[in-house]
Amino acid sequence: MTEQGIRAPRQLTYVRLGEIRPAEVNAKCHDIPGIIASLVEHGFIDSPIVDERTARLVGGHGRIEALVEMRAHGDPPPEGLLVDNDGEWLIPVYRGWSSRSTAHAKAVNILLNRLTEAGGWDNSVLAVELEAIHAADVNLFEGLGYTVDELDDIMRAFRDDDETRTGSPGVRDADENDDSTDDTDDDTAAGKPAHGEVECPVCAHVFVPGR
């Protein structure tokens, strides 16, 4: 009970992996190898959600599928799980929410994924954060799963956003010719980033962090 005397029905409960039932239909596809890599690196940090009306998952199908595959391959349980006396994995599951109908359960199942997709990214922040992660730990950076093409798109969007905010051309590409007749120092003439600029070690785009 809360201080106001209102019962808080939401709770985290450990449930046997074999007793967790997926939704009858789930349209979301999952990168199971990527989820497994995340579970190994970071542990279990995002709990699935069970619909109390149906006793089936309404969110977290990919994580449960990844755990089933890990256990079948004989992998140890990721950090955050418990192991029952008979060796079964115990999963922290979010309980206490009930759908009103089948349509409501289907809508929430889609909405939980759709809201994440619809939010998008702030490219100016994302570009700087990716650069910081790469500088601090290359293995962590590689675990994010970005391809070179995706990073190229992020850096291009970062420059486009910067142009929109400032009303001036963004930072030029590292391989872009400079037709100006102004004097430049040796580094700039050699195509190296100027003072204050950073070159992405993955896609070689040049940008100014925080701009």
What distance do [X] atom [atom1] and [Y] atom [atom2] have between them, rounded to the nearest 0.5 Å?
X    : Y    : atom1 : atom2 : answer
R53  : S98  : CZ    : OG    : 8.5 Å
D51  : W97  : CG    : CH2   : 4.5 Å
L115 : L112 : CG    : CG    : 7.0 Å
L67  : F44  : CG    : CZ    : 5.0 Å
I20  : L90  : CD1   : CG    : 9.0 Å
E131 : F141 : CD    : CZ    : 7.5 Å

query = By side-chain contact (heavy atoms from CB on, under 4.5 Å), which residues pair with P77, not counting sequence neighbours?
reply = L81, V83, W89
Quick one: do [X] and [Y] end up in the same hydrophobic cluster if we chain Ile, Leu, Val, Met, Phe, Trp and Tyr together by side-chain heavy atoms under 4.5 Å apart?
X    : Y    : answer
I133 : L126 : yes
L82  : I64  : no
Y146 : L140 : yes
Y94  : I91  : no
L17  : M70  : yes

Test side-chain contact (heavy atoms from CB on, under 4.5 Å) applied to V108 and S99, step by step = CA-CA 8 Å; V108 170; S99 62; over 6 Å; no
key: From CA spacing to verdict: side-chain contact (heavy atoms from CB on, under 4.5 Å), V50, V15   = CA-CA 11 Å; V50 168; V15 178; over 6 Å; no
ask   = Sub-3.5 Å donor-acceptor pair from the side chain of S47 to the main-chain atoms of P92, do we have one?
value = yes
ask   = Counting distance only, does the side-chain N/O of R95 pair as donor-acceptor with the main-chain N or O of Q11 below 3.5 Å?
value = no
query = So R63 and I45, side-chain contact (heavy atoms from CB on, under 4.5 Å) or not? Walk me through it.
reply = CA-CA 10 Å; R63 294 184 290 283; I45 55 178; over 6 Å; no
ask   = According to the side-chain hydrogen bond (donor to acceptor under 3.5 Å, both in side chains) rule, which pairs have a member within residues 71-87, sequence neighbours left out?
value = R16-D84, R16-D86, R71-E88
task = Name all pairs fulfilling the side-chain hydrogen bond (donor to acceptor under 3.5 Å, both in side chains) condition that reach into residues 18-40, sequence neighbours left out, sorted by first residue then second.
result = N26-N109
query = Would I36 and I32 count as a side-chain contact (heavy atoms from CB on, under 4.5 Å) if you check the C-alpha gap in whole Å, the side-chain angles of each, and the deciding distance to 0.1 Å?
reply = CA-CA 6 Å; I36 290 175; I32 299 303; 3.9 Å; yes
key: Heavy-atom closest pair, residues V58 and A105   = CG2-O, 3.6 Å
